[in-house]
Amino acid sequence: MENKLFIYNSLTRKKELFEPINAPHVGMYVCGPTVYGDPHLGHARPAITFDLVFRYLQHLEYKVRYVRNITDVGHLENDADEGEDKIARKARLEDLEPMEVVQYYTNSYHRAMHLLNVLDPSIEPHASGHIIEQMSMIKKILDAGYAYESEGSVYFDVEKYNKEHPYGILSGRKVEELMATTRELDGQQEKKNSFDFALWKKAAPEHIMRWPSEWSDGFPGWHMECSAMGTRYLGEEFDIHGGGMDLLFPHHESEIAQSVAANGRMPVRYWMHNNMITINGQKMGKSLGNAVSLEEFFTGSHELLKQAYSPMTIRFFIMQAHYRSTLDFSNEALQAAEKGYRRMMAAMEVMEKLQANGNAEESVNIAELKAKCYEAMNDDFNSPILIAHLFDGVKIINSIKDGKAKIDEENLSMLKELYLVFVNDILGLKAEGEAESKDDLSSKLIETLLQLRHEAKLNKDFATADKIRDQLTALGLVIKDTKDGVEWDIE
RNA sequence: GGUCUCGUGGCCGAGUGGCUAGGCAGGGGUCUGCAAAACCUCGUACAGCGGUUCGAAUCCGCUCGAGACCUCCA
């Protein structure tokens, strides 16, 4: 049951059985962030989506090499005025060094990803560290005759390529249509056709990030980095390439064209694309000015946020929707996710203390639940369905605790295993914020107070008992009177 | 303008021909000194209009609405 994984392939627009080229090895490349701003909720979506893929593939015992790049080339420009050479030169020294900007936002991205419990990829290459590879790939494309040089820049010859290979195979576009719809861009007059894209761009004077090449002092085109680094670390053909749907065209389309032109073969078996996060029905994006940074979510410091949302709440929220659906941000939805997440975590705490209370005949059947969990994940990583099944299990757990359901030893150990595997390992959810708060001294103090309350209750002094509870509640504690005694937790 | 996607109950969100997820919120109940938690239970939704079918949220057509891409973008 664990080995029939189906993945929706954007290339064929169908769910396909996943068969790695070199099982048990799997190569996966995902487009990472452009590090020029704070990571926002939009960045969390692909990171978490492919973290789920990474975790599940590893659970299925594949040996995954997961490459997620850092884009640090081609987007960084100095805003200083042109022509004012002296000032510009001085400004250069006082300005941030580009790599300083890169480092700052890369660190910030990593911090956010760690808080979201996103595993580090196997390799995280920087585009700026692979200029050699990109230049050599450009040469291969030139040698193959699918590119031309013009005024120090190198462009991909889409029209020529399209005569032998379909440009538009991934996005479903046709070159003739592109002809009619492409807008005016700078550098347009250097190109044979408006839809030709740059493999190497001659740097304008204000462009700081530049490298010498046989064509000009310049920098590689945006699409080159992923092709070059994917090939470098995963080979000319690898299993999975992921990224946001907004990258499908032209980025991924062009990656295919570059690889086919350079290596003569399709680079990727399975193309996966996560959908966008929307806010008021519109895509959330830095350039649209409606992006809420992850830091702001964690602290609640944004006018759109009614409260802070913990990293695990964000993670749970994202995984409660299928990765190919748009997911609409709202406080109501986040608050619902927060409560759901806490309920699941609370149930797991209950589960740990559970004892078998029945024999095999009267026991609940966990094997069935387990099979459903695998079925959900095997169906194109359907995390919302998986979570729905896990909530069914939450009811089972709580019912066993209440003595309303029976479980035997075998099913109990299967249950515990199931939740550790699916909730912790695969969904990557963990309890947050408790370990450090429940230190010994505080715990003993709280338990002392609860003991006093217990004694007050025995004396029917409910006023005192309630006063203790109210004050502990005011401090952010949750007091639960169960038939097995009092329990407390930090809200 | 071109290409494509989507429109599900109060909110979020699965589901792609019959078996009518799940979470949150709300009503009722059990338990409890009370409360909380938990459990049980109730809301019977699929934009509109036609069509195909024994049967459609699910397939087809049209209408309306929303969005994405075509430019950097997760």
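Since the model is a prediction, treat every value here as computed from it, not as a measurement. Chain letters run A, B, ... following the sequence lines, proteins first, then strands; residues in each count from 1.
Whole-Å rounding puts the A:Asn275 CG to B:rG67 P distance at 14 Å. A straight line from OH of A:Tyr167 to P of B:rU3 spans 18 Å, rounded to a whole angstrom. In this structure, the NE2 atom of A:His252 is 24 Å from the P atom of B:rU3, given to the nearest Å. Whole-Å rounding puts the A:Asn290 CG to B:rA74 P distance at 13 Å. The CG atom of A:Asn69 sits 11 Å away from the P atom of B:rA74 (whole-angstrom rounding). Counting to the nearest Å, the P atom of B:rA68 and the CZ atom of A:Arg45 are 14 Å from each other. Whole-Å rounding puts the A:Asp402 CG to B:rC31 C1' distance at 9 Å. In this structure, the CD atom of A:Glu375 is 16 Å from the P atom of B:rG22, given to the nearest Å.
Looking at heavy-atom distances under 4.0 Å, A:Gln282 makes contact with sugar-phosphate atoms alone, never a base. Note on A:Thr49: nothing from the nucleic acid sits closer than 4.0 angstrom, heavy atoms only.
Separation of the A:Tyr161 and A:Phe156 ring centroids falls under the 6.0 Å cut-off. Checked against a 6.0 Å centroid threshold, the rings of A:Phe297 and A:Phe329 count as neighbours. Taking the centre of each ring, A:Phe422 and A:Tyr374 come in below the 6.0 Å mark. Taking the centre of each ring, A:His252 and A:His223 stay at or above the 6.0 Å mark.
Ring-to-base geometry places A:Phe462 in a stacked arrangement with B:rG33 (centre distance under 5.5 Å, plane angle under 30°).
Residue A:Arg173 places a side-chain atom within donor-acceptor reach of the base of B:rC69, judged by atom type and a 3.5 Å distance cut-off alone. Between the side chain of A:Asp466 and the base of B:rG33 there is at least one donor-acceptor pair of N/O atoms closer than 3.5 Å. Contact of A:Arg469 with B:rA36 (side chain to base): no donor-acceptor pair of N or O atoms is detected under 3.5 Å. At a cut-off of 3.5 angstrom, the base of B:rC11 holds no donor-acceptor pair with the side chain of A:Asn331.
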